[in-house]
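One structure is given here, and the rest of the page talks about it.
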2 protein chains.
Amino acid sequence: MAARKPQDQTGRTLGPRALQTRQRLLEATEALLDQRSVREIRVVEIARKVGTSPATFYQYFRDVEEAILQLVEQAAEDLPAIVERMEGPWQGGRGLDTARAISDAFVRHWDTHGAVLRVRNLKAEEGDRAFRRVRQAALAPVVERLARVVEEHQKAGKVSQEISAWAAGSSIIAMLERMSSYHAMFERAGVTRAQLVETCARILHQTVTGRQVA
Amino acid sequence: MAARKPQDQTGRTLGPRALQTRQRLLEATEALLDQRSVREIRVVEIARKVGTSPATFYQYFRDVEEAILQLVEQAAEDLPAIVERMEGPWQGGRGLDTARAISDAFVRHWDTHGAVLRVRNLKAEEGDRAFRRVRQAALAPVVERLARVVEEHQKAGKVSQEISAWAAGSSIIAMLERMSSYHAMFERAGVTRAQLVETCARILHQTVTGRQVA
DNA sequence: TGCGAATCTGATATAACGTCAGATTTTCCG
DNA sequence: CGGAAAATCTGACGTTATATCAGATTCGCA
């Protein structure tokens, strides 16, 4: 469980100078990802931005995807904070607050790491094993937590037995992720971020508890 | 509104031979997109697959994205069929059937055009104008139809006024799209396609009507 | 048949990839 | 402090892809 130490391509662990270079390369990659399509990311350009040569990049990463994979892992470090919010209560009006906290946390997570998460999901959908694994690792706790809430409400007869708790959890996460990545587009269409968070929170709440709040 | 006739890069409209070549290039692009990451699509390879030269490709498309954009437009031609299903009734048990039809239609649409739609959404999220436009054109009728159903149920007091009808429609579509693109992954985790469709249908139904069906 | 239009492609300049041998910088021991 | 060894970086290069254009090829039809 200890964070693996970064290595170079020949497997040697890195000293402080190397670590710094590597981190700079990662930051440059993320910055470029914010302004260019993932299809246009060039190793040369990443290197240029750091003031180093392409050969240096290849010392630390097999290719651009590997660098992005590292960024995805760094982004995943914020997630425990989101999972914590999910431990809130689900009864009555409090449940809606819990749902709002989750919805808001997702939007914020995507505001910070959107470009990187977008590539994570792309590669995962394209079937890339490594990206699937990190996506799975990041979201499974969230999905499972939601699924458990659904199951509890199913036992209490509040939610239909025809629903698969796990599929429901996944669906909600799917919705939150995509809406988070789209919310900038909505603002242009006159839907504020707050409305979006509120709407998603209510769908989430209603789905997992079966209850509607006026 | 008439389908614009395909042109080559100098604006000339195409004869039958050219049209066939162009279509072959598009098909090769789609086939390649099914097996390689979008980051790895190469014009040379598309050309090779058709048994022609890269120069021919550039006669018809500015670059790979333009070819994909054409594929996206072709894929969008199936959509009216989905929109039709949404005209079904929303009262009582019938509502759930309508929801199921929509959910199922989405999954089928993605089964057929997944690779292309994935790129459409990627480029749209990356901010590409053209891809945003076609995505918008394809999904707006669906979103608007759902939003109208939500509004009707809000007027009848069944759905909370705190929800933004348009955001709700978008959220549901977001969920359906992503779940459709993921369903293969779920099957590995023991959730069948049928369960997925049913679960999404119920979330959709409950969200737009405020009602739950046992 | 042969001409003009339509279509295709070889050749090429430009640019990125990815590797490796060797240069440069840092560390640290005597 | 001096200098060798370890760590880190990079110039140079063979390979592959992009994107363009002039000219070759193919087609329809008078």
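Convention: sequence-line order gives letters A, B, ...; per-chain numbering from 1. When reading the values below, keep in mind they use all heavy atoms of this one structure, side chains included, and skip hydrogens, waters and symmetry mates.
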Should B:T21 be listed as having a side-chain N or O under 4.0 Å from OP1 or OP2 of C:dC8? yes
Inter-end axis angle, the helix from C:dT1-D:dA30 to C:dG30-D:dC1, with every axis fitted to five base pairs (rounded, 10 degrees): 10°
Sequence neighbours excluded, the answer for side chain to side chain contact (heavy atoms under 4.5 Å, CB included) partners of A:A115 is A:L33, A:D34, A:R118
Nearest-angstrom distance from the residue atom CG of A:D8 to P of D:dT8: 8 Å
Take the protein atom CD of A:Q9 and the nucleotide atom C1' of D:dT8, then report the distance between them rounded to whole Å. 15 Å
Set of residues satisfying salt bridge (charged side-chain N to carboxylate O under 4.0 Å, His left out) with respect to A:E40, sequence neighbours excluded: none
Round to a whole Å and report the spacing from CG of A:L25 to P of D:dT10. 10 Å
If you look only at pairs with a residue in residues 22-55 of chain A, which of them pass as a ring-ring contact (aromatic ring centres under 6.0 Å, His included), with sequence neighbours excluded? none
Ion pair B:E65/A:R39, N-O distance below 4.0 Å: yes
Listed partners of B:E87 passing side chain to side chain contact (heavy atoms under 4.5 Å, CB included), at least two apart: B:R145
Qualifying residues under side chain to side chain donor-acceptor pair (under 3.5 Å), relative to A:E177, sequence neighbours excluded: A:R120, A:N121, A:R135
Between the side chains of A:Q7 and A:T13, does any donor sit under 3.5 Å from an acceptor? no
Are B:T56 and C:dC8 close enough that a side-chain N or O sits under 4.0 Å from OP1 or OP2? no
Mind checking B:Y60 for me? I need base, sugar-phosphate or nothing, with any heavy atom below 4.0 Å counting as a touch. sugar-phosphate
Measure the distance from CZ on A:F57 to C1' on C:dC17 and round it to the nearest whole Å. 11 Å
Interatomic distance, A:E65 CD vs C:dG18 P [rounded to whole Å]: 9 Å
Which residues satisfy the side chain to side chain contact (heavy atoms under 4.5 Å, CB included) test with A:R85, sequence neighbours excluded? A:A101, A:A105, A:R108
In whole angstrom, what separates A:F61's CZ from C:dT19's P? 15 Å
Could you encode protein contacts along nucleotides 15-27 of chain D as a string, one character per nucleotide from 5' to 3', using B for base contact, S for sugar-phosphate-only contact and - for no contact, with a heavy-atom cut-off of under 4.0 Å? --SSBBB----BS
Using the salt bridge (charged side-chain N to carboxylate O under 4.0 Å, His left out) criterion, which residues pair with A:E162? Sequence neighbours excluded. none
